[in-house]
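In each ligand, atom 1 is the first atom listed, and ligand 1 is the first ligand listed.
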Amino acid sequence: MLTFYSADSRLRQARTELHDGTLVAPFECPERVDLVLKQLRLSGLGEIRAPSAYGLAPVLAVHDKDYVTFLANCWEAWLAAGHEGEAIPNIWPARRMRGDHIPHAISGQLGYYALAAETSISAGTFEAAMASKDVALGAVEYTLQTGEPSFGLCRPPGHHAAYDQFGGYCFFNNAAIAAQRALESGKRRVAILDVDFHHGNGTQQIFYRRDDVLFISLHGDPEVTFPYYLGYADEGGEGKGEGFNINYPLPHGTSVATWMATLEQALAKIQAAGCELLIVSLGVDIFENDPISAFTFTSEDFTNLGQRLAQAGLPSVFLMEGGYAVDEIGVNVSNVLHGFEQGV
Ligand code: OKP
Ligand code: ZN
């Protein structure tokens with residue numbers, strides 16, 4: 001399988017994440033991609049290619065222009081304001097305040113465009129996000145042209161990023177950008193299957209009123225886990241999007257057997273909807289030893305997951321989302337992709 005990867009994903013080197021009340025070294029760290037790359041090479045998955053630069057047009061197809069400008073300028077503005085640490089929001093247009101006004105000051109803008117506070121912005125964040133969406137676009141272009149599967153080793157991840165909001169380590173919604181590109185190239189309906197432990201709230205939001213992208217997510221129950229305010233089973237889409245958003249919230253500790261049985265339901269929906277391309281938001285934080293998640297996959301289970309996904313028989317693009325057990329991240333990702341190749 002062909003992998004797309006950009007060395008520029010290293011440009012995001014944030015030092016701080018607000019975690020359980022303290023500033024810690026971010027779980028979403030540059031070593032993640034190094035270790036995945038190393039294992040893909042070791043296991044001989046196939047060629048690793050750098051993507052072209054696709055510019056901002058495919059980003060603006062799913063994100064707000066002023067949001068993109070904010071991301072591009074945030075770090076410089078934060079520095080210019082004389083702040084010492086990294087850019088972290090600490091005030092929001094919460095209920096009963098003005099939700100329709102974007103303040104001048106960078107601290108006000110941060111809260112307007114953030115959906116959570118764990119994700120700090122620092123030098124290189126925007127550049128890495130640009131590289132990450134190029135990785136996704138390189139992968140989808142390749143699969144559209146050849147019908148062959150591909151893997152986009154995106155970093156930073158994307159599935160929490162909404163039309164005009166960042167958070168959950170995400171800035172540009174790589175999967176949404178790739179899906180939109182596939183539609184523009186002539187695919188009539190695309191499935192995004194999100195297997196990351198966390199609900200892909202951003203992807204859901206972007207396509208919530210549309211029937212050309214079927215979004216299905218298996219994830220930790222938002223009653224007890226991030227992102228808390230989206231990802232419930234009764235969120236089924238709106239307008240012509242009704243029926244094209246499907247959430248499977250699952251309790252902490254869900255067995256792999258139950259998870260795989262839920263995947264069967266998801267794949268049946270994808271078949272029934274006549275999707276012409278499968279984009280997998282591949283978070284391997286469903287691993288049993290993930291430090292911030294609570295599902296129970298072993299490294300071997302990831303092989304079975306890949307095999308089962310291959311049996312869907314669709315042109316497939318895998319895009320990296322989460323996975324924070326860095327010692328095993330390489331094996332877990334590699335197992336999914338090799339499993340897919342065995343399952344075809
Ligand atoms: C990003 B992705 C844990 C808090 C978790 C942020 C999680 C972001 C996950 N105590 N906060 O979906 O892997
Ligand atoms: Zn996750």
Please determine, by modelled atom types, if E86 and T16 share a side-chain donor-acceptor pair under 3.5 angstrom. yes
If only side-chain N and O atoms count, and only distance matters, is there a donor-acceptor pair under 3.5 Å linking D196 with S281? no
S299 and F287, any side-chain heavy atoms less than 4.5 Å apart: yes
In H198, the N/O/S atom nearest the Zn ion (ligand 2) carries the name ND1
Counting only heavy atoms and a distance below 4.0 Å, can you name the residues contacting ligand 1? H19, D20, E118, H159, H160, G168, Y169, D196, H198, F226, D285, G322, Y324
State which residue, out of F126, F70, W75, F166, fulfils the ring-ring contact (aromatic ring centres under 6.0 Å, His included) condition with F171. F166
Which angle, to the nearest 10 degrees, do you find at the Zn ion (ligand 2) between OD2 in D196 and OD2 in D285? 80°
Indicate whether any N or O donor in one side chain lies under 3.5 Å from an N or O acceptor in the other, for E235 and N245. no
Passing candidate, ring-ring contact (aromatic ring centres under 6.0 Å, His included) with F226, options H159, H19, H160: H160
Distance-only side-chain donor-acceptor flag, D285 / H198, under 3.5 Å: yes
